[in-house]
Amino acid sequence: MTKAIRSGSGLVAATSRKPSFRLEATGSPTIADDDDDDVIAIEAGDEKEPAPAPAPAPVKKRLGGEESADSDGGSDEMHKMAEQARLARAKRAAARELQAGGSSRNGEVAKKADYVPMSAVTTTTASASIGLERSSPFEASSVVVASSSTSTIIASRLPHEEAEIAEDEWTAQQMKVGAHRRHGGSAMDVADDRQSSFRPVPASQRDGPARREGVRLGTGGVTGGLSEGAVASDRVPTKQATILPPSEAMANLWERVTDMESSERDREARGKDLKASSDNASEQLETVKKQARKLERRLKVAQDLDEHAWSLAGLLDAKASKLKQATETLGQMEREFTERLTKRRRFHLIEELQASGATISRPREEDSEKASMKPRDPDRRSRQKTPGYDSSSASEDDAEELAVDRAAFCAAAHKQIEADVGEDFVLTKQLLKPLKAAKTDLEKGDYNQAYLPQSLPEALSLHVGQSLLWWDPLETCQSKGHSSSSSSSTRWGPRRSSTTSQLDDFEWFADLSSYTELDGDDDVDADLVPQLIQKYVIPEIARRARDCWDVTSSRQSSAMAKLIDECLLFESDTGESSAFGSLVNDIFERLGRGLEDLAPEVFVAASNMSRWYASEGRWRLLWRCCKIAKCAMKLQGRLPDAKLAPYVLTNIFHTRIAPHLRALRLEQQEMDLVEQFIDLLPSAWLARGLPPTLQALCDQLGPRAPPNAGDTAKQAAKILRKLRCFDEAQALEQQQQLAGS
């Protein structure tokens with residue numbers, strides 16, 4: 001079945017089957033069907049028209065959005081378009097002949113020429129509206145398609161002005177190409193600039209039915225059927241280039257520049273963010289590495305501390321019992337030495353007192369034992385300026401023997417306790433190294449959770465107790481003629497003896513003090529040294545005061561006063577239940593026992609009174625009591641006055657001195673003894689009034705004195721003023737002035 005449209009002098013026909021194209025020698029293009037079914041003829045110029053085909057039924061065609069019915073005569077618009085198409089076909093045929101002729105003459109193969117398409121393909125549905133079927137995807141409605149082996153030309157329905165311009169440009173271009181090839185040159189690259197914006201349209205994006213296979217055309221008629229090589233050129237434009245106004249183009253350009261600047265700023269911002277994130281990640285990674293190294297170091301410290309703790313625990317288990325035994329042995333040695341010395345001195349004193357006609361008020365069984373007593377040095381009494389007052393333990397010969405025994409004991413103790421132990425556990429500085437590492441590297445919470453602050457006093461007990469074996473603060477074991485200045489030359493075994501009363505002179509004190517100050521004032525071990533002093537040193541001082549202190553020795557009493565001062569520096573609780581309270585109780589116990597041992601209370605019968613007053617035994621007892629009072633007053637301000645004042649005023653003066661004064665104002669020696677005793681009393685004891693125990697003394701020194709006591713009146717007035725008895729002193733002075741005038 002054939003559909004045809006006649007317009008003017010030409011006939012435009014379309015068929016639903018695939019047509020074959022043929023160019024006749026006369027120059028008139030014809031279209032023939034290989035199967036002799038339907039023929040579509042196109043007339044051009046004055047060529048002879050073929051046999052008319054049956055008139056098709058009227059159809060509607062959509063042009064410009066409006067519908068119109070096509071009649072046999074056609075409209076003016078269709079006639080005009082047919083004329084334009086015929087002119088275009090003639091020009092294209094002439095161009096092909098020129099190109100073919102040039103190639104044949106030169107014997108060269110025709111080259112595919114570039115061309116300027118007449119317009120972009122604008123596929124519509126017009127062909128479907130008028131009932132025509134396009135022979136290829138490049139064919140538009142009412143279009144004549146011709147293809148050859150060298151070029152594919154597509155004519156499309158265009159507006160009037162644009163079609164004329166496009167046809168002229170295309171014709172000129174094809175003529176230039178043909179002339180150039182005719183003279184043997186290669187194809188010129190003279191494509192229109194508008195082609196730069198065109199691109200081939202893929203088959204999947206084209207409108208209309210699927211792309212048909214192309215046909216090969218030649219001068220000899222139809223050369224064959226369908227072929228892949230005969231497909232229309234891929235350089236089919238898809239759209240026409242659009243030239244924008246300058247203002248709009250500049251606006252678009254500035255918009256593009258602004259977008260680029262914004263994109264650049266965004267890129268820089270993202271770069272900075274990425275750099276910051278990278279730096280942050282690096283810092284976090286470095287922090288993690290530091291934490292990992294710190295954790296590894298902590299683990300190593302904890303492992304070393306655990307190993308050190310086990311070793312130290314084993315050392316304490318093995319040596320603690322030996323240290324305790326050595327401490328008890330030393331205490332026994334010093335106690336026996338002091339007791340032996342005290343018994344000897346008591347025995348000699350009692351023997352002398354009994355010879356003077358006195359009787360011991362509370363005698364002891366050992367007072368009659370003479371077997372263990374050495375004979376008294378006959379020259380000793382002649383060396384004393386004041387018998388009884390200058391006596392002390394340092395004058396005894398047994399001290400040299402004790403010093404030799406003490407040196408042998410210390411050597412044996414060192415062999416049993418320290419000789420087989422390494423320096424890491426013998427020296428305090430070496431012992432504290434793992435503990436310092438744990439304290440500095442571990443967290444405070446971990447250090448506390450390991451119970452190190454609570455266990456250190458016990459862990460260091462071996463070192464503190466070992467150092468106390470060489471300590472002799474009261475100089476009990478020093479040889480005869482020894483002084484504290486020469487103590488550095490005395491060696492007891494592998495070490496030198498220490499007679500200092502300053503606790504910071506211990507070899508462990510400085511190391512432990514620096515250890516407890518690692519974290520400043522908030523150090524968790526700030527109380528370590530006070531705890532060691534309270535737990536080990538103060539009890540040792542109390543033992544020495546109880547067993548070794550000679551209450552008649554000024555040197556030992558001064559050392560005891562310094563030791564009490566040191567203890568007060570490290571003891572905040574001075575109650576009786578504390579370590580310092582126990583020390584105070586031991587001191588008063590020793591003062592009372594020493595007074596009983598070395599200045600016993602005596603009774604003199606009336607028949608022996610004259611002998612007693614004239615004997616040297618009475619003066620020895622009186623001066624020894626005064627000496628004990630002087631030694632006890634060295635502790636004033638360190639011991640509570642509520643206990644010390646009764647001891648001095650009642651136990652010494654009222655009980656042992658005042659009863660044995662015969663005539664105070666008549667004997668100058670008795671006045672000297674009383675004046676020296678009153679000089680020992682602090683003013684605080686007399687500020688509230690004269691104590692009852694001194695009231696009798698005030699009466700003896702005052703106006704009630706015998707009339708012939710004028711020689712001691714001035715000295716008596718001085719003593720009364722010290723006792724704050726100003727009225728008695730003034731009356732005595734007036735009496736003296738009247739007697740002098």
Mutual orientation of the aromatic rings belonging to F425 and H308 [parallel < 30°, tilted 30-60°, perpendicular > 60°]: parallel

Check: Y647 ring centre within less than 6.0 Å of F588 ring centre: no

Short N-O contact, E670 and R662, less than 4.0 angstrom: no

Closest contact, heavy atoms only, L474 versus A559: CD2-CB, 4.1 Å

Distance-only polar pair, side chains of E328 and Q332, donor-acceptor under 3.5 Å: no

Reported CG-to-CD distance for the pair L349 and Q354, which is rounded to 0.5 angstrom: 10.0 Å

Nearest non-hydrogen partners of C631 and T552, listed with the distance: SG-C, 3.8 Å

Side-chain ion pair, R406 and E334, N-O less than 4.0 Å: yes

Electrostatic pair R590:D586 at N-O distance under 4.0 angstrom: no

Donor-acceptor pair between Q715 and Q668 side chains, under 3.5 angstrom: yes

Contact summary for S501 and L563, nearest pair of heavy atoms: O-CD2, 3.7 Å

Heavy-atom pair with the smallest gap, counting every atom of H463 and A459: ND1-O, 4.5 Å

For S467 against R495, the heavy-atom pair lying closest together: CA-NH1, 4.2 Å

Gap separating the OG1 atom of T338 from the NZ atom of K343, nearest 0.5 angstrom: 12.0 Å

Salt bridge (Lys or Arg N to Asp or Glu O under 4.0 Å) assessment of E443 paired with R298: CA-CA 9 Å; E443 297 291 340; R298 289 180 182 176; 2.3 Å; yes

Stepwise side-chain hydrogen bond (donor to acceptor under 3.5 Å, both in side chains) test for Q466 and E418: CA-CA 9 Å; Q466 179 82 356; E418 291 185 345; 3.2 Å; yes

Donor-acceptor side-chain pairing of D441 and Y447 below 3.5 angstrom: no

Ionic contact status for D679 with K630, cut-off 4.0 Å: no

Euclidean distance, L622 CG relative to K627 NZ, rounded to 0.5 Å: 15.0 Å

Closest approach of M633 to L680 (non-hydrogen atoms, all atoms of both residues): CE-O, 3.3 Å

Salt bridge present between R656 and E596 (N-O < 4.0 angstrom): yes

Mutual orientation of the aromatic rings belonging to W471 and F506 [parallel < 30°, tilted 30-60°, perpendicular > 60°]: perpendicular

Test log, rule salt bridge (Lys or Arg N to Asp or Glu O under 4.0 Å), inputs E540 and R544: CA-CA 6 Å; E540 181 65 17; R544 295 176 185 273; 3.1 Å; yes

Residue H654 excluded, over 12 heavy atoms near NE2 under 6.0 Å: no

Of L460, V426, D424, the residue whose pairing with L431 passes side chain to side chain contact (heavy atoms under 4.5 Å, CB included): L460

Y515 six-ring centre to K439 NZ/CZ under 6.0 Å and within 45° of normal: yes

Separation of Q325 CD from S321 OG (nearest 0.5 Å): 7.5 Å

Short N-O contact, K436 and D511, less than 4.0 angstrom: no

R546 and E589 ion-paired at < 4.0 Å: no

Euclidean distance, L694 CG relative to R724 CZ, rounded to 0.5 Å: 13.5 Å

